[in-house]
There are 2 protein chains.
Amino acid sequence: MAVPSGPVAASTEAEVAMFDFVDAYDRAYEVAAEQHGLTPAQACVLGRLTRPWGMSELAGVLGCDASNITQIIVRLEARDLVRRETGPHDRRSRQIVRTPEGEARYAEFEGSFAFARSAVSQLSLAEQEQLTVLLRKALSSSPR
Amino acid sequence: MAVPSGPVAASTEAEVAMFDFVDAYDRAYEVAAEQHGLTPAQACVLGRLTRPWGMSELAGVLGCDASNITQIIVRLEARDLVRRETGPHDRRSRQIVRTPEGEARYAEFEGSFAFARSAVSQLSLAEQEQLTVLLRKALSSSPR
DNA sequence: CTTCTATGCTTTAGTCAATCAAGTATCTAC
DNA sequence: GTAGATACTTGATTGACTAAAGCATAGAAG
């Protein structure tokens with residue numbers, strides 16, 4: 001469903017614009033993932049693996065339980081998009097690595113997730129800079 | 001997990017900023033919903049009901065299957081946040097209406113979903129306008 | 001070296017969102 | 001009044017997610 005969806009009641013123009021933007025972004029992400037046989041969560045995890053990651057490290061950045069990651073990785077591994085290696089120093093830990101197919105699949109996904117790219121392409125360089133500054137400033141109130 | 005999460009590889013500053021913003025927005029929505037005993041999808045549906053809606057009408061705007069809406073409404077109804085009335089002219093159809101508790105609950109949710117509000121509050125009025133214009137322009141390439 | 005505790009991950013069980021296919025009831029048109 | 005469309009529900013299946021319990025290994029304390 002790509003929630004959040006639906007502008008809230010007494011919103012300013014800016015709030016509605018943010019809302020619409022986020023909604024469009026989420027939907028585009030979902031669609032692009034699906035086009036390449038990935039769920040959004042799978043695409044998201046696969047995208048992080050530009051280097052080997054531990055399970056709890058992934059759970060950490062993605063803000064979810066380690067057991068959730070286990071399941072997602074199991075599914076990715078079953079499709080040979082990812083490999084689970086035992087940590088070199090600590091044999092309890094795992095190093096999650098993208099396989100070549102995983103690399104390729106993610107590259108394809110990223111290629112068709114045109115949203116951010118085409119959003120940027122609507123703006124001049126100066127506007128891009130402006131937007132970056134405004135978004136960062138808007139974010140400055142929130143944690144993380 | 002609030003996907004999308006994780007900046008893509010060769011991204012511009014603006015793309016990363018968009019990404020971070022969307023991610024923060026989604027997470028804040030999720031957290032606020034949970035604080036009031038709602039799932040994001042439930043909050044999202046509840047938020048639409050400022051007037052009576054039909055099931056397929058909801059499915060339409062939210063871009064999902066009608067049977068998905070059925071389930072969400074059933075859960076909301078079980079908690080008395082929503083009522084399902086039979087359509088006055090067409091007895092196949094349903095009019096979904098928020099109960100007073102539903103109204104109250106959503107108002108609480110909206111109150112604690114401070115993200116958009118506090119994001120806006122970081123900006124001057126002129127900046128708010130600028131951001132609105134830029135987001136709309138960025139969106140202008142995408143469908144819907 | 002042994003035990004105790006903490007850590008890193010997996011397993012299991014449960015909820016919810018989401019989709020698809022099939023079903024029921026009602027409406028509309030002929 | 002029957003045929004077909006429409007509005008929704010039901011049932012089955014998949015995946016994301018959480019919480020609790022479990023297992024193996026690591027590190028520390030004795």
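In what follows, chains carry the letters A, B, and so on, assigned in the order in which the sequence lines appear, proteins first and then strands, with residues in each chain numbered from 1. Every heavy atom of this structure was used, including side-chain atoms; hydrogens, water molecules and symmetry mates were not.
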Geometric class of the B:F115/B:F113 ring pair [parallel <30°, tilted 30-60°, perpendicular >60°]: parallel
Using atom CG of B:D65 as one end and atom C1' of D:dG15 as the other, report the distance to the nearest whole Å. 16 Å
Any idea which of C:dG8, C:dA17, D:dA7 is nearest the A:D90 side chain? C:dG8
Tell me: CG of B:N68 to P of D:dT10, nearest whole Å? 15 Å
Is there a side-chain contact between B:R75 and the phosphate of C:dA17, meaning an N or O under 4.0 Å from OP1 or OP2? yes
Could you check which of C:dC9, D:dC8, D:dA16 has an atom nearest any side-chain atom of B:R94? D:dC8
With B:Q95, which residues qualify under side-chain hydrogen bond (donor to acceptor under 3.5 Å, both in side chains), at least two apart? none
Is it the case that C:dT7 (base atoms only) and A:R92 (side chain only) share a donor and an acceptor within less than 3.5 Å, ignoring hydrogens and angles? yes
Please pick, from D:dA16, D:dT9, C:dC9, the nucleotide with the shortest atom-to-atom distance to any side-chain atom of B:T70. D:dT9
Measure up the A:Y25 and A:F21 rings against each other and bin them: parallel (under 30°), tilted (30 to 60°), perpendicular (over 60°). tilted
I'd like to know if B:Q71 reaches the base of C:dC16 with its side chain, counting only an N/O donor and acceptor under 3.5 Å. no
Extract from the structure each pairing of a protein N or O with an N or O of nucleotides 1-5 of chain C at less than 3.5 Å, listing the distance.
none

From NE2 of A:H89 across to P of D:dA24 the rounded distance in Å is 24 Å
Between atom CD in A:E34 and atom P in C:dA18, what is the gap in whole Å? 13 Å
Taking the side chain of A:A41 as heavy atoms from C-beta outward, which of D:dT25, D:dG15, D:dC17 is closest to it? D:dC17
Test for a donor-acceptor pair under 3.5 Å between the base of D:dC8 and the side chain of B:S67, counting only N and O atoms. no
Using only atom types and a distance under 3.5 Å, with no angle test, would you say the side chain of A:Q42 pairs donor to acceptor with the backbone of A:T39? yes
Between B:I69 (CD1) and D:dT10 (C1'), how many Å, whole number? 16 Å
Mind checking what makes side-chain hydrogen bond (donor to acceptor under 3.5 Å, both in side chains) contact with B:E34, not counting sequence neighbours? none
Calculate the interatomic distance between B:D26 atom CG and D:dC17 atom C1'; express it in whole Å. 16 Å
For the side chain to side chain contact (heavy atoms under 4.5 Å, CB included) test, which of B:L46, B:V97, B:T99 pairs with B:V82? B:L46
For A:A24 versus B:L139, what's the shortest heavy-atom pair and its separation? CB-CD2, 3.5 Å
Closest nucleotide among D:dT9, C:dA17, C:dT19 to the B:R84 side chain: D:dT9
Give the rounded distance in Å between these two atoms: CD of B:Q95 and P of D:dA7. 12 Å
Rounded to whole Å, how long is the line connecting atom CZ of A:R91 with atom C1' of C:dA6? 18 Å
